[in-house]
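Below is one structure; the comments refer to it alone.
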Number of protein chains: 2
Amino acid sequence: MSNEQTTEWLSPMQMADRCGVPAETLRYYEREGLLDQVHRNDGNQRRYSADDVAWVGVLRCLRVTAMPIREMKRFAELVRVGEAGVPERLELLRSHRQQVLEQRAALDDALAMIDHKIDIYSTAVAPVTDADTDGVTTTPTLGGRGIRTSSA
Amino acid sequence: MSNEQTTEWLSPMQMADRCGVPAETLRYYEREGLLDQVHRNDGNQRRYSADDVAWVGVLRCLRVTAMPIREMKRFAELVRVGEAGVPERLELLRSHRQQVLEQRAALDDALAMIDHKIDIYSTAVAPVTDADTDGVTTTPTLGGRGIRTSSA
DNA sequence: TCTTGACTTGGAGTGCACTCCGGGTTGTTG
DNA sequence: CAACAACCCGGAGTGCACTCCAAGTCAAGA
């Protein structure tokens with residue numbers, strides 16, 4: 001409780017720490033116009049605000065859900081123009097939301113398959129085996145015929 | 001029910017259709033050793049088996065959950081050696097499963113944030129507005145002070 | 001038989017999202 | 001004030017996962 005109250009601005013490194021994003025990447029985002037006009041001190045060094053921290057949080061949410069930089073840039077522009085951009089921001093987010101749902105569904109499907117395989121392998125690891133399969137006959141010399149694949 | 005029973009092998013295009021993966025990518029997977037020794041006809045053209053279809057299904061599950069090609073290659077090798085590879089396959093899949101769970105958690109967090117924003121925008125689009133925020137003051141001239149960020 | 005389109009190869013090219021580099025500046029600490 | 005880390009910049013480089021290309025071969029229909 002002593003080195004907080006005067007800390008209004010964050011240096012690049014502090015910002016990197018805070019956001020979990022390399023300082024280089026923050027510079028890159030700035031270049032790309034995702035993060036605009038970061039404040040500078042007298043020596044021309046960047047000083048990030050709490051607003052910047054929050055905004056990078058938003059950016060990371062979008063990135064982690066695989067939004068391309070191009071689209072994030074568009075979103076940033078729409079935020080820049082203020083209220084006028086709200087309808088398109090909404091549209092953009094709704095469409096992105098859809099994609100995220102699809103991603104999650106795909107992830108869950110894959111997860112089911114992975115769990116299934118883990119199951120098979122775990123029981124196969126101690127007892128006899130062969131009733132497994134990777135969608136491929138388990139013989140060393142691949143290319144065999146015959147399939148018992150469940151879902152895959 | 002007429003052009004199925006004799007179709008034992010799939011041409012590259014048919015395979016691409018079936019798996020939802022470009023034929024080029026299948027060739028790439030083969031080069032990388034993810035898919036080994038695809039059968040050829042007399043004219044040296046690839047003929048994919050039902051096993052191949054199933055195996056590509058597995059590969060896609062791994063890819064869609066962001067497993068790097070390098071690791072998929074390792075997995076393919078472990079399948080190639082048969083039973084001896086099972087323990088490491090298990091290990092690999094378990095560790096991957098963990099990553100998938102983390103991905104899903106991150107996705108869900110981001111989704112919550114996106115939903116929250118959509119909510120704000122939707123209500124803001126008709127009534128007055130300003131109480132929104134993108135983690136940034138909504139004024140046209142960015143760089144303003146003051147924050148009311150909720151989560152973000 | 002001719003044509004057309006799917007196939008073969010090795011290798012080069014692409015797009016994305018960073019990530020690093022070199023050479024110079026700033027700011028803090030002993 | 002010296003030393004050293006953190007900073008600045010434009011631009012080049014990286015790694016990944018494809019994706020395309022050229023030049024030739026194969027297969028099936030008119």
Side-chain angles (χ1 to χ4, degrees), chain A residues 3 6-48 52 56 58-76 96 99 103 106 110, chain B residues 3 6-48 52 56 58-76 96 99 103 106 110:
Chain A
N3 64 338
T6 121
T7 309
E8 189 154 350
W9 299 108
L10 298 174
S11 75
M13 279 220 127
Q14 290 169 327
M15 180 68 174
D17 270 21
R18 185 73 68 90
C19 299
V21 174
E24 278 297 332
T25 300
L26 293 170
R27 265 190 0 95
Y28 164 68
Y29 283 178
E30 196 180 336
R31 274 209 295 285
E32 292 298 306
L34 266 58
L35 204 74
D36 65 6
Q37 247 317 74
V38 173
H39 183 255
R40 306 296 185 107
N41 71 1
D42 293 348
N44 193 37
Q45 295 185 203
R46 287 173 182 81
R47 293 304 144 180
Y48 295 93
D52 292 329
V56 169
V58 174
L59 293 179
R60 292 317 295 174
C61 271
L62 298 178
R63 264 310 288 151
V64 94
T65 51
M67 182 182 286
I69 296 291
R70 217 176 16 267
E71 205 166 330
M72 289 170 60
K73 197 163 162 174
R74 179 74 189 135
F75 188 68
H96 185 59
Q99 312 234 337
Q103 274 178 67
Chain B
N3 65 338
T6 122
T7 309
E8 189 153 350
W9 299 108
L10 299 173
S11 74
M13 279 220 128
Q14 292 169 327
M15 181 68 174
D17 270 21
R18 184 72 69 89
C19 299
V21 174
E24 278 296 332
T25 300
L26 293 169
R27 266 192 357 96
Y28 164 68
Y29 283 178
E30 197 180 337
R31 275 209 296 284
E32 292 298 307
L34 267 57
L35 205 73
D36 64 6
Q37 247 316 72
V38 173
H39 182 255
R40 305 296 184 108
N41 70 1
D42 294 348
N44 193 37
Q45 297 184 203
R46 286 173 183 80
R47 295 302 147 190
Y48 294 93
D52 292 329
V56 170
V58 174
L59 293 179
R60 291 318 295 176
C61 272
L62 298 179
R63 262 312 288 151
V64 94
T65 50
M67 181 182 286
I69 297 290
R70 217 175 17 266
E71 206 166 329
M72 290 170 59
K73 198 164 163 175
R74 180 72 188 136
F75 188 69
H96 184 61
Q99 313 234 335
Q103 275 178 67

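Lettering follows sequence order; numbering is per chain, from 1. What you see is a predicted model, and the numbers here were worked out from it, not measured in a lab.
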(request) State, to 0.1 Å, how close A76(A) and G33(A) come at their nearest heavy-atom pair, and which atoms those are. (result) CB-O, 3.7 Å
(request) Please report the closest heavy-atom contact between P22(B) and A16(B), naming both atoms and the distance. (result) C-CB, 4.1 Å
(request) Within residues 63-72 of chain A, find the residues that approach DNA chain C with a heavy atom at under 4.0 Å, and present them sorted by residue number. (result) R63(A), P68(A), I69(A), R70(A)
(message) So, OP1 or OP2 of dT9(C): does either fall under 4.0 Å of a side-chain N or O from R27(B)?
(response) yes
(request) Would you mind reading off the distance between E32(B) atom CD and dG10(C) atom P, rounded to a whole angstrom? (result) 13 Å
(request) Evaluate the side chain to side chain contact (heavy atoms under 4.5 Å, CB included) criterion for residues M15(B) and V56(B): first the C-alpha distance (whole Å), next the side-chain angles of each, then the deciding distance (0.1 Å), finally the verdict. (result) CA-CA 10 Å; M15(B) 181 68 174; V56(B) 170; 3.7 Å; yes
(message) Could you work out, with salt bridge (charged side-chain N to carboxylate O under 4.0 Å, His left out) as the rule, every residue matching R46(B), not counting sequence neighbours?
(response) E30(B)
(message) With a 4.5 Å cut-off on side-chain heavy atoms, are Y48(B) and L26(B) touching?
(response) yes
(request) Check whether any side-chain heavy atom of L62(A) sits under 4.5 Å from a side-chain heavy atom of F75(A), and report yes or no. (result) yes
(message) Using five base pairs at each end to define the local axes, how bent is the helix from dT1(C)-dA30(D) to dG30(C)-dC1(D), to the nearest 10°?
(response) 10°
(message) Counting C-beta onward and ignoring hydrogens, is there a side-chain heavy-atom pair between Y29(B) and I69(B) closer than 4.5 Å?
(response) yes
(request) For residues R47(A) and D52(A), report the shortest heavy-atom separation together with the two atoms involved. (result) O-OD2, 4.3 Å
(message) My understanding is that only residues two or more places apart in sequence, or in another chain, count here; which of them pass side-chain hydrogen bond (donor to acceptor under 3.5 Å, both in side chains) with Y28(A)?
(response) none
Protein N or O to nucleotides 23-30 of chain C N or O, pairs below 3.5 Å:
{"residue": "dT26(C)", "atom": "O4'", "partner": "Q45(A)", "partner atom": "OE1", "Å": "3.4"}
{"residue": "dT26(C)", "atom": "O3'", "partner": "Q45(A)", "partner atom": "OE1", "Å": "3.3"}
{"residue": "dG27(C)", "atom": "OP1", "partner": "G43(A)", "partner atom": "N", "Å": "3.1"}

(request) Specify the separation, in whole Å, of atom CE of M15(B) and atom P of dC7(C). (result) 13 Å
(request) Tell me which of S11(A) and Y28(B) sits closer to the 5' end of DNA chain D, going by the nucleotide each one is nearest to. (result) S11(A)
(request) Quickly work out the W9(B) CH2 to dC7(C) C1' distance and round it to whole Å. (result) 17 Å
(message) Using the side-chain hydrogen bond (donor to acceptor under 3.5 Å, both in side chains) criterion, which residues pair with T25(B)? Sequence neighbours excluded.
(response) none
(message) Measure CD/E30(B) against P/dC7(C) and give the value in whole Å, please.
(response) 13 Å
(request) Return the minimal non-hydrogen interatomic distance between A23(A) and P12(A), and the atom names on each side. (result) CB-O, 4.1 Å
(request) Identify the 5'-most and 3'-most nucleotides of DNA chain D with at least one atom closer than 4.0 Å to a non-hydrogen atom of chain B. (result) dC16(D) to dA27(D)
(message) Among residues at least two apart in sequence or on other chains, which ones pass side chain to side chain contact (heavy atoms under 4.5 Å, CB included) with D17(B)?
(response) none
(request) Using the side chain to side chain donor-acceptor pair (under 3.5 Å) rule, collect all pairs that involve residues 62-71 of chain B, keeping only residues at least two apart or in two chains. (result) T65(B)-H96(B)
(request) Check A110(A) against C61(B) and note the closest heavy-atom contact, atom names and distance. (result) CB-O, 3.7 Å
(request) Report the residues that fulfil side-chain hydrogen bond (donor to acceptor under 3.5 Å, both in side chains) with R40(B), sequence neighbours left out, ordered by chain and then residue number. (result) N44(B)
Report all interatomic pairs (protein N or O, nucleotide N or O of nucleotides 1-5 of chain C) with separations under 3.5 Å.
none

(message) Which is more 5' along DNA chain C, the nucleotide nearest P12(B) or the one nearest R31(A)? Just name the residue.
(response) P12(B)
